[in-house]
2 protein chains.
Amino acid sequence: MSNPIFKLNGRVWIETGDEKVLGHGRVELLERIQASGSIRQAALQMKMSYKQAWDLVNHMNDGFGTPVVISQRGGKGGGKAIVTEHGLEVIKQFHLLHQKLQEFLKDNTELLKL
Amino acid sequence: MSNPIFKLNGRVWIETGDEKVLGHGRVELLERIQASGSIRQAALQMKMSYKQAWDLVNHMNDGFGTPVVISQRGGKGGGKAIVTEHGLEVIKQFHLLHQKLQEFLKDNTELLKL
DNA sequence: TTTCGTTATGTTTTTATTTATATAACGCAA
DNA sequence: TTGCGTTATATAAATAAAAACATAACGAAA
């Protein structure tokens with residue numbers, strides 16, 4: 001067996017050109033927006049500023065051809081944000097990738113000899 | 001085929017506990033130290049400060065049980081640094097992992113439907 | 001014993017990033 | 001039509017990260 005104190009870890013993400021458009025953190029943000037219906041609440045939960053969350057959402061909407069989040073201000077509750085059908089698909093795809101990566105990491109940790 | 005503008009990318013690294021001990025950048029540093037015999041030259045090549053390079057080397061030596069770089073000051077040329085046998089092994093292992101990840105990314109990019 | 005170029009280390013300065021603050025826009029509901 | 005809570009956006013303040021700078025230690029070679 002390999003030395004137990006060493007752990008293999010990794011990340012995957014999706015780029016357009018050279019810009020990162022979707023990764024681990026952004027997916028969590030989308031999920032929390034979906035769950036709460038609010039960019040603000042999602043940001044609070046993840047302990048990031050509203051501005052940062054909004055910038056990320058904006059960047060994702062730009063990066064993907066079709067928006068992943070649609071938001072509106074005013075109205076009941078002051079405003080809201082929803083994850084689009086395309087956004088849900090994106091989340092799903094990323095989860096699949098993430099899961100596959102975990103398998104990859106697990107398999108190769110076992111081969112790791114240091 | 002999947003949308004050509006989206007690219008899957010990723011990284012792997014090795015941790016001990018929760019601290020990153022080896023990744024893509026550190027491996028390049030080791031290789032350049034090996035090639036030049038100097039931490040300073042390696043740092044210059046990678047456009048990082050000597051301090052930063054030295055800190056990384058130190059951190060790696062701490063992180064792995066046995067040192068990956070041994071350095072000495074003074075003497076012919078002012079000093080030198082060499083990558084240990086263990087360091088070479090570590091580089092080799094990481095390259096293997098990196099190569100496998102590239103295959104993983106390639107395989108899954110083809111499945112990527114966005 | 002002086003010079004040289006590097007390792008080793010700490011300190012200071014600068015830059016970049018993050019966070020906080022402020023304010024306008026908005027539309028529903030009271 | 002006023003208040004409310006959110007989205008949207010810009011600007012300022014605070015933190016963190018990186019780079020630059022300075023300097024000591026070192027030993028071979030001149």
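To find a chain, count down the sequence lines: A is the first, B the second, and so on, and within it residues start at 1. Side-chain atoms are counted along with the backbone in the values below, which use heavy atoms only and exclude waters and symmetry mates.
Side chains of B/Gln99 and B/His95: no donor on one and acceptor on the other come within 3.5 Å.
Set against C/dA29, C/dT6, C/dC26, the side chain of A/Arg73 has C/dC26 as its closest nucleotide. Closest to the B/Arg40 side chain, of the nucleotides C/dA8, C/dT6, D/dT7, is C/dT6. Among the nucleotides C/dC26, C/dT7, D/dA10, the one closest to the side chain of A/Lys51 is D/dA10. If you check C/dT7, D/dA8, D/dT6 against the side chain of A/Ile39, the one that comes closest is D/dA8.
Each of A/Asn58 and A/Gly79 was assigned the nucleotide of DNA chain D with the nearest heavy atom; the assignment lying further toward the 5' end belongs to A/Gly79. Across the interface with DNA chain C, nearest-nucleotide mapping of A/Lys47 and A/Gly77 shows A/Lys47 to be the residue nearer the 5′ end.
Distances shown here put a side-chain N or O of B/Trp54 below 4.0 Å from the OP1 or OP2 atom of C/dA8. Regarding contacts with the backbone of D/dG27, every side-chain N or O of B/Gln72 stays at 4.0 angstrom or more from both OP1 and OP2. For C/dT7, one of the phosphate oxygens OP1 or OP2 lies less than 4.0 angstrom from a side-chain nitrogen or oxygen of B/Ser38. Between B/Gln41 and C/dT6, a side-chain N or O to OP1/OP2 separation shorter than 4.0 Å is present. At C/dT6, none of the side-chain N or O atoms of B/Ser71 fall inside 4.0 Å of OP1 or OP2 (strictly under the cut-off). A sub-4.0 Å separation between OP1 or OP2 of D/dA18 and a side-chain N or O of B/Ser49 is absent.
Within a 6.0 Å radius of NZ in A/Lys92, no more than 12 heavy atoms belonging to other residues, nucleotides or ligands are found.
B/Asp55 has its CG atom 14 Å from the C1' atom of D/dA20, to the nearest Å. B/Tyr50 places its OH atom 13 Å from the C1' atom of D/dA24, with the value rounded to the nearest Å.
Contact annotation: the side chain of B/Leu56 approaches that of B/Met48 to within less than 4.5 Å [non-hydrogen atoms, C-beta and beyond].
Hydrophobic clustering of Ile, Leu, Val, Met, Phe, Trp and Tyr side chains at less than 4.5 Å, counting indirect connections, keeps B/Trp13 apart from B/Phe104.
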